[in-house]
Protein chains: 2
Amino acid sequence: MATERPDLAAMLYPLVRELIALELPVLAAHDVSMWGYSVLTALDDTPVRTQAALAEAIGADKSRIIGTLDELQKAGLIERTPDPADRRVRLLSITPLGRRVRRAVRKEIQAQEEQVLATLAPADRKTFLRILQQFHASR
Amino acid sequence: MATERPDLAAMLYPLVRELIALELPVLAAHDVSMWGYSVLTALDDTPVRTQAALAEAIGADKSRIIGTLDELQKAGLIERTPDPADRRVRLLSITPLGRRVRRAVRKEIQAQEEQVLATLAPADRKTFLRILQQFHASR
DNA sequence: GCTTACGATATGCGTATGCCTACTATTGAT
DNA sequence: ATCAATAGTAGGCATACGCATATCGTAAGC
């Protein structure tokens, strides 16, 4: 049976808070919002998609995502092209600039994350990352 | 060097979202808010404290925590007694009822968490929990 | 052709958040 | 005795969120 321990959320939430605090300055330096970065990440990993599908994929609200897309488009980081096959649909794609920004941001963010990961023993660090990727891939 | 991987927050946040979704019905069933549960947990683990210290401990706003304390007090889950030594201070303590509620909630929450933890191999599960507790204890 | 369904968009509502100010009672130092 | 600092409390303000609804153009089945 389980040993006495705090709830998972109680342990994870402060960690996430700390990680977000580490991310914010990086995002601000690149003029990208959290949602914007989330969109760039999703588009870089999976090229085209409808906006509704994108919203669902990143856990955002379908109607609230539009301002984010507007900003990204205006900054030249993504493109919204009407689908010739279904003119209701806007095909989303990341631009080369968007890709560069996304990767630069990710690199800096992961550098910040070292402050957290460095506290783990090498074997633990490896296991931890593997488990998280497993969770991430399975949902 | 680091293998290509999503950001920690990108992997952790969906997980936390899922865990919170599992918690909410449990909390609702016991008529306790998330902040309320957070307060009960803090007080059960460390008996007395001033409200300001409590707020800081659970990462809440000093002024926004008051409604939560009012509710908990009204429900008989905590007590606020003036400190005889410094009458500005209200000493906070969890009541026996509060303790029972907190522990019942935690038990049910951790039962829900099994849906997440059960996907891990036994060794991974053990390591994962150990790492999280390590993070949790270190901040 | 007409009706129904769907994608993108805009907007409103209720609520929660972080941050900040102000007020009262009380303390502690001068 | 006076004054600055502190704990708890209350409230305002700007922002963000999830949820719901409405509109408009388009698509597809009948």
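Labels below follow one simple rule: chain letters A, B, ... track the order of the sequence lines, proteins then strands, and each chain is numbered from 1.
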Does the side chain of B:R90 come within less than 4.5 Å of B:D83's, by heavy atoms?
->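 SC-SC contact between B:D83 and B:R90 ruled out.
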Should B:L92 and B:V89 be counted in the same cluster of Ile, Leu, Val, Met, Phe, Trp and Tyr side chains packed under 4.5 Å apart?
-> no
Can you tell me the distance, in whole Å, between the [atom1] atom of [X] and the [atom2] atom of [N]?
| X | N | atom1 | atom2 | result |
| --- | --- | --- | --- | --- |
| B:I66 | C:dT24 | CD1 | C1' | 13 Å |
| A:I20 | D:dC17 | CD1 | C1' | 14 Å |
| B:L24 | D:dC19 | CG | P | 11 Å |
| A:I65 | D:dG18 | CD1 | P | 11 Å |
| A:E56 | D:dC19 | CD | P | 12 Å |

Can you tell me if A:T41 uses its side chain to pair, donor with acceptor, with the backbone of A:Y37 under 3.5 Å?
->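 Answer holds: yes.
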Which value, rounded to the nearest 0.5 Å, describes the distance between B:R17 atom CZ and B:L22 atom CG?
-> 13.5 Å
Calculate, to the nearest 0.5 Å, the distance between atoms CG and OG1 belonging to B:L120 and A:T127 respectively.
-> 11.5 Å
Residue pairs passing the salt bridge (charged side-chain N to carboxylate O under 4.0 Å, His left out) test where at least one lies in residues 33-44 of chain A, sequence neighbours excluded |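 As it turns out, the salt bridge (charged side-chain N to carboxylate O under 4.0 Å, His left out) pairs with a partner in residues 33-44 of chain A, which skip direct neighbours, are A:D44-A:R99, A:D44-A:R102, A:D44-A:R103.
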Electrostatic pair A:E113-A:R106, nearest N-O below 4.0 angstrom | no
With sequence neighbours left out, the residues meeting side-chain hydrogen bond (donor to acceptor under 3.5 Å, both in side chains) with B:Q133 are none
A:Y13 ring center near B:Y13 ring center (under 6.0 Å) |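 Not close enough - the centres of the two rings lie 6.0 Å or further apart.
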Quantified as the angle between the terminal helix axes (five pairs each), what is the overall bend of the helix from C:dG1-D:dC30 to C:dT30-D:dA1 to 10 degrees?
-> 10°
Encode nucleotides 16-22 of chain C as B, S and - characters from 5' to 3', where the letter depends on protein heavy atoms closer than 4.0 Å: B to the base, S only to sugar-phosphate, - to neither.
-> -BBBB--
Partner of A:I94 by side-chain contact (heavy atoms from CB on, under 4.5 Å), out of A:T46, A:D45, A:L40, A:V101 = A:L40
Pairs under 3.5 angstrom only: tabulate donor-acceptor contacts from the side chains of residues 51-58 of chain A to other protein residues two or more places apart or in another chain.
{"residue": "A:Q51", "atom": "OE1", "partner": "A:R80", "partner atom": "NH1", "Å": "3.3"}

Near-strand residues of residues 68-93 of chain B, defined as heavy-atom separation under 4.0 angstrom from DNA chain C = B:D86, B:R87, B:R88
